[in-house]
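Single-structure report; data block below.
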Amino acid sequence: TGRALGDSVRISDEGAAATDGGVHYGPRIVGAGDDFFIVWSEMSRDGGEPHGAWLTRVGADGTRRFAPVLVAPYSGGDGAGLELAWTGTEVAVLRGEPLEGWDPRPHYTTGLRLQRMGWSGEAVAPMQVISDTASYSTQFQLLWTGVEFAVVWNEGEDVRSSAVTFTRLD
């Protein structure tokens, strides 16, 4: 029916940016049994560190299972895109970010990084580089098929001629 099943609960009040009134943006959610993993980006207003992608897991009532953890700081500029996938045993966070030294204008080139996290927010594998030349850090998608990840994104420095690119990851 679309009616609320409980009260709204604030999730992002413990990250780095929250201490200086920073910006929280781009949240994503994925179901994990009776719980939910939530990821979002934070950027400090004063340019302080770290700003990056943060993750937590909550119960159906919004109760945190663990305090937000920094998935990874952004290496340059603001992170712009996030995607989540639940495998049944771990959550994968795919993130886009302007690369160190890259001015996002006029080159909308970004890095795509995949980090796999465990049930309690711990990294379970090293960060994987998907691309260093993806176009637009908000235009990508992550999918778990039940046996592998699939990622699709725009590839290339020239946004007017960037190709749609696909890869599979175990």
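Below, all heavy atoms of this structure are taken into account, side chains as well, without hydrogens, waters or symmetry copies.
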Problem - Close side-chain approach of Arg116 to Phe149, heavy-atom, < 4.5 Å - result: yes
Handout entry: Co-membership, hydrophobic cluster, residues Val93 and Phe66, 4.5 Å side-chain
Key = yes
Exercise for the section: Please answer whether the main-chain N or O of Asn154 pairs with a side-chain N or O of Thr165 as donor and acceptor at a distance below 3.5 Å. Expected result: no
Practice task
Please examine the side chains of Gln141 and Glu83, heavy atoms only from C-beta on, and report whether any two atoms are closer than 4.5 Å.
Solution key: yes
Exercise for the section: Report the relative orientation of the aromatic rings in Trp119 and Phe37; use parallel for angles under 30°, tilted for 30 to 60°, perpendicular for over 60°. Expected result: perpendicular
Practice task
Taking the side chain as every heavy atom from C-beta outward, state whether Leu114 and Leu142 have any atom pair closer than 4.5 Å.
Solution key: yes
Handout entry: Val164 vs Glu155 side-chain heavy atoms within contact, under 4.5 Å
Key = no
Handout entry: Leu94 side chain near Leu84 side chain, heavy-atom distance below 4.5 Å
Key = no
Exercise for the section: With the side chain counted from C-beta on, respond yes when Val151 and Leu169 share a heavy-atom pair under 4.5 Å apart, and no when they do not. Expected result: yes
Practice task
For side-chain contact (heavy atoms from CB on, under 4.5 Å), just list the numbers for Val69 and Met117, CA-CA rounded to whole Å, side-chain angles, deciding distance to a tenth of an Å, and then say yes or no.
Solution key: CA-CA 10 Å; Val69 295; Met117 310 287 284; 4.1 Å; yes
Problem - Basic-acidic side-chain contact under 4.0 Å: Arg64, Asp35 - result: no
Exercise for the section: Would you indicate whether the side-chain heavy atoms of Trp40 and Ile11 approach each other to under 4.5 Å? Expected result: yes
